[in-house]
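See structure below.
Basis for what follows: all heavy atoms, side chains included, without hydrogens, waters or symmetry-related copies. Note that the structure is a prediction, hence the values are computed from the model and not measured. All residue numbers in this chain count up from 1 along the given sequence.
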Amino acid sequence: QVQLVESGGDLVQPGGSLRLSCAASGTSRTIFSGYTMGWYRQAPGKQRELVAELTSAGTANYADSVKGRFTISRDNAKNLAYLQMNSLKPEDTAVYYCKANLAWQTYWGQGTQVTVSS
């Protein structure tokens, strides 16, 4: 029912910035506003890890590795979630996934590749 599509992944040099977007469809803006939105990432050979999440109440949580560099936000009127990534490091290289959940309902996007390299 709910579909999530990530975009914005790219090849960027260390120290650069990137903004990822997650567009949700199949849900009204009213319902979307109630979801907890999250960004996860998975590097080759590594487990998927939480990068950031933002609850419907506006509470944001970040992985220690990205605190101060990444910012999660959402625009409920447009059914969009964002991940602003600044001061990117090579270790940020991964496939980034958007997640939405409400109670037992969980939805995942297909992922977008972020590569940080010189």
Side-chain angles (χ1 to χ4, degrees):
Q1 190 68 25
V2 176
Q3 294 178 308
L4 304 176
V5 179
E6 304 97 331
S7 62
D10 206 349
L11 171 65
V12 63
Q13 293 189 341
S17 297
L18 214 54
R19 179 184 287 105
L20 305 183
S21 298
C22 174
S25 62
T27 183
S28 69
R29 65 177 62 136
T30 300
I31 299 300
F32 178 81
S33 68
Y35 281 89
T36 292
M37 301 300 299
W39 287 96
Y40 292 70
R41 67 186 181 188
Q42 186 168 23
K46 303 294 182 63
Q47 294 184 353
R48 199 122 108 190
E49 65 174 351
L50 172 69
V51 176
E53 66 175 8
L54 182 62
T55 71
S56 61
T59 300
N61 297 299
Y62 298 92
D64 288 339
S65 60
V66 307
K67 285 182 179 177
R69 299 189 297 120
F70 291 10
T71 302
I72 186 172
S73 62
R74 65 196 297 168
D75 186 340
N76 291 331
K78 299 180 179 179
N79 288 1
L80 289 172
Y82 305 95
L83 184 67
Q84 177 66 46
M85 305 184 293
N86 299 323
S87 302
L88 283 163
K89 305 174 180 179
E91 48 262 48
D92 294 319
T93 296
V95 176
Y96 284 70
Y97 298 89
C98 179
K99 178 188 177 184
N101 74 276
L102 176 63
W104 62 88
Q105 305 170 58
T106 301
Y107 306 95
W108 290 92
Q110 84 288 349
T112 185
Q113 177 70 50
V114 172
T115 302
V116 185
S117 176
S118 298

Mutual orientation of the aromatic rings belonging to F70 and Y96 [parallel < 30°, tilted 30-60°, perpendicular > 60°]: tilted
Heavy-atom closest pair, residues A94 and A43: CB-N, 3.8 Å
Whether R74 side chain and L54 backbone form a donor-acceptor pair below 3.5 Å: yes
Face-on cation placement of R48 at Y97 ring, 6.0 Å and 45° thresholds: yes
In one Ile/Leu/Val/Met/Phe/Trp/Tyr side-chain cluster, 4.5 Å: L50, M85: no
Single-linkage hydrophobic cluster, 4.5 Å side-chain cutoff, V12 and V51 together: yes
Minimum side-chain heavy-atom gap L18-V114 below 4.5 Å: yes
K67 bridged to D64 by N-O distance under 4.0 Å: yes
Show which side-chain atoms of residues 3-11 pair as donor or acceptor with protein atoms under 3.5 Å away, not counting sequence neighbours.
{"residue": "E6", "atom": "OE1", "partner": "Q110", "partner atom": "N", "Å": "2.9"}
{"residue": "E6", "atom": "OE1", "partner": "Q110", "partner atom": "NE2", "Å": "3.4"}
{"residue": "E6", "atom": "OE1", "partner": "G111", "partner atom": "N", "Å": "2.9"}
{"residue": "E6", "atom": "OE2", "partner": "C98", "partner atom": "N", "Å": "2.7"}
{"residue": "E6", "atom": "OE2", "partner": "G111", "partner atom": "N", "Å": "3.2"}

Straight-line distance of L83 CG to S21 OG, nearest 0.5 Å: 9.5 Å
Qualifying disulfide bond (SG atoms under 2.5 Å apart) pairs, either residue in residues 25-89, two or more places apart: none
N/O donor-acceptor pair under 3.5 Å between N79 side chain and T27 backbone: yes
Verdict with supporting geometry, E53 and T55, side chain to side chain donor-acceptor pair (under 3.5 Å): CA-CA 7 Å; E53 66 175 8; T55 71; over 6 Å; no
Donor-acceptor pair between T93 and E91 side chains, under 3.5 angstrom: no
Disulfide bond (SG atoms under 2.5 Å apart) pairs, two or more places apart, involving residues 36-83: none
Contact list for residues 37-81, test disulfide bond (SG atoms under 2.5 Å apart), sequence neighbours left out: none
Validation row: V66, R41 side chains within 4.5 angstrom (heavy atoms): yes
T71: partners by side chain to side chain contact (heavy atoms under 4.5 Å, CB included), with sequence neighbours left out: Y62, Q84
Close side-chain approach of K89 and R69, heavy atoms under 4.5 Å: yes
Transitive ILVMFWY side-chain link W108 to V95, under 4.5 Å: yes
P90 vs S117 side-chain heavy atoms within contact, under 4.5 Å: no
Shortest non-hydrogen separation from I72 to A60 and the atoms involved: CG2-CB, 4.1 Å
What pairs of donor and acceptor atoms, side-chain ones from residues 31-40 against any protein atom, are under 3.5 angstrom apart with sequence neighbours left out?
{"residue": "S33", "atom": "OG", "partner": "T30", "partner atom": "O", "Å": "2.6"}
{"residue": "Y35", "atom": "OH", "partner": "Q105", "partner atom": "OE1", "Å": "3.4"}
{"residue": "W39", "atom": "NE1", "partner": "Y82", "partner atom": "O", "Å": "3.2"}
{"residue": "Y40", "atom": "OH", "partner": "K99", "partner atom": "NZ", "Å": "3.4"}

Closest heavy-atom pair and its distance - G26, V2: O-CG2, 4.1 Å
Interatomic spacing from OG1 in T106 to CG in N101 - rounded to 0.5 Å: 5.0 Å
